[in-house]
Amino acid sequence: MVAISTANKDWQHGNYTGWGFNHGPFHLNKTNGPSKIVVGGSENWHYGFNYADWSLKNGPFYVQDTLVFKYNPPNNTTPPHSVYMLPNLWSFINCDLSQARMVGSPTQGGGNGVQFVLKSWQPYYFACGEHNGTHCKDGMMRFFVFPKLRGWHY
């Protein structure tokens with residue numbers, strides 16, 4: 001009994017998760033449902049924009065939200081871009097695309113863009129795979145999200 005009380009020590013402070021967080025009362029989230037979020041907002045998906053900063057400022061993201069990657073197809077003045085999902089944090093940190101899965105090819109970013117649904121409660125690591133990882137490394141075209149479960153907000 002003492003172990004349970006210790007494990008749930010924040011219960012009296014409004015934290016009903018028992019996970020050690022104490023960020024205020026646990027209550028229902030006021031969002032209505034899944035959202036469609038354009039990655040980068042009005043900047044879309046391009047070289048030189050800080051997507052890690054964008055994701056921090058535009059979260060939280062939730063399970064079942066859709067990320068939309070919009071970018072122009074390559075031409076004489078526009079370099080190609082793509083979207084890859086990296087398998088783990090190590091690959092993300094090192095821009096190692098060797099085991100990444102393509103989510104959007106260089107020609108798929110126009111129109112409605114490439115849409116990706118955050119289906120599970122897990123981290124998702126995204127990067128541009130063009131120019132052997134240069135867009136990921138030097139162009140800041142990488143970010144990750146760990147969507148929250150909808151319905152609970154703390």
Side-chain angles (χ1 to χ4, degrees), residues 14-17 19-154:
N15 178 16
Y16 308 125
T17 64
W19 288 44
F21 302 108
N22 192 13
H23 298 294
F26 202 83
H27 55 79
L28 288 175
N29 186 351
K30 301 298 183 201
T31 59
N32 293 328
S35 299
K36 278 194 177 183
I37 303 146
V38 175
V39 173
S42 62
E43 291 286 329
N44 293 328
W45 186 239
H46 69 84
Y47 187 92
F49 183 78
N50 189 335
Y51 292 95
D53 187 52
W54 170 84
S55 68
L56 288 172
K57 290 179 179 175
N58 287 276
F61 302 94
Y62 294 92
V63 172
Q64 296 305 319
D65 281 351
T66 301
L67 298 180
V68 181
F69 294 84
K70 292 187 174 190
Y71 48 95
N72 294 324
N75 60 39
N76 291 338
T77 59
T78 304
H81 297 300
S82 57
V83 182
Y84 280 82
M85 190 168 68
L86 303 161
N88 53 49
L89 181 60
W90 185 90
S91 297
F92 174 77
I93 290 169
N94 294 292
C95 289
D96 177 3
L97 295 143
S98 63
Q99 296 180 9
R101 180 175 63 91
M102 182 181 277
V103 174
S105 74
T107 59
Q108 291 179 302
N112 292 328
V114 175
Q115 299 191 20
F116 185 89
V117 178
L118 302 171
K119 294 181 181 177
S120 303
W121 185 64
Q122 69 176 54
Y124 291 89
Y125 305 97
F126 296 100
C128 179
E130 300 307 302
H131 299 283
N132 296 320
T134 301
H135 284 196
C136 175
K137 289 178 189 171
D138 300 332
M140 298 183 289
M141 293 184 76
R142 64 177 159 171
F143 71 100
F144 75 92
V145 298
F146 196 134
K148 291 182 172 189
L149 297 173
R150 193 167 301 281
W152 297 103
H153 178 74
Y154 48 90

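Going from atom OG of Ser82 over to atom NE2 of His131 covers 9.5 Å, rounded to the nearest 0.5 Å. Remark: Leu118 CG to Leu67 CG distance equals 4.5 Å, nearest 0.5 Å. The NZ atom of Lys148 lies 12.0 Å from the CG atom of Asp65; values are rounded to the nearest 0.5 Å. Distance check, rounded to the nearest 0.5 Å: NE2 of His135 to CG of Leu97 gives 11.5 Å. Summarising the geometry, atom OG1 belonging to Thr78 is positioned 11.5 Å from atom NE2 belonging to His46; distances are rounded to the nearest 0.5 Å. From Gln99, atom CD reaches atom CG of Asn88 across 7.5 Å, with rounding to the nearest 0.5 Å.
The ring pair (Phe, Tyr, Trp, His ring centres under 6.0 Å) test with Phe116 singles out one residue from Phe126, Trp45, Phe69, Tyr84, and that residue is Phe126.
When all heavy atoms are compared, the tightest approach of Pro74 to Pro79 is CB-C, 4.2 Å. Taking both residues in full, the closest heavy atoms of Val145 and Ser55 are given as CG1-CB, 4.4 Å, listed atom of the first, atom of the second, then distance. Scanning all heavy atoms of the two residues, the minimum distance from Thr134 to Tyr47 falls at O-CE1, 4.2 Å. Shortest non-hydrogen contact noted between Pro147 and Val63 is CB-N, 3.5 Å. A pairwise comparison of heavy atoms in Val114 and Gln108 identifies CG2-O, 3.4 Å as the closest pair.
When the shell of 6.0 Å around CG of Asn75 is examined, it contains more than 12 heavy atoms from other residues, nucleotides or ligands. Within a 6.0 Å sphere centred on CD of Gln122, heavy atoms belonging to other residues, nucleotides or ligands number more than 12.
Panel note: side chain Glu43, backbone Gly40; no donor-acceptor pair is recorded below 3.5 Å. Under a 3.5 Å cut-off, the side chain of Tyr51 and the backbone N or O of Phe144 do not form any donor-acceptor pair. A donor-acceptor pair is defined here as one N or O able to donate and one able to accept, closer than 3.5 Å; such a pair exists between the side chain of Arg142 and the backbone of Ile93. Side-chain atoms of Thr66 never come within 3.5 Å of backbone atoms of Gln115 as a donor-acceptor pair (strictly under, hydrogens ignored).
The six-membered or imidazole ring of Phe61 lies away from that of Tyr124, with a centre-to-centre distance of 6.0 Å or more. For Phe49 and Trp54, the ring centers are positioned 6.0 Å apart or more.
For a disulfide, the SG atoms of both cysteines must be under 2.5 angstrom apart; this holds for Cys95 and Cys136.
In this structure, Tyr125 and Phe92 have tilted ring planes: the angle between them lies in the 30° to 60° band.
Between Leu56 and Phe143, every side-chain heavy-atom pair lies at or beyond the 4.5 Å cut-off.
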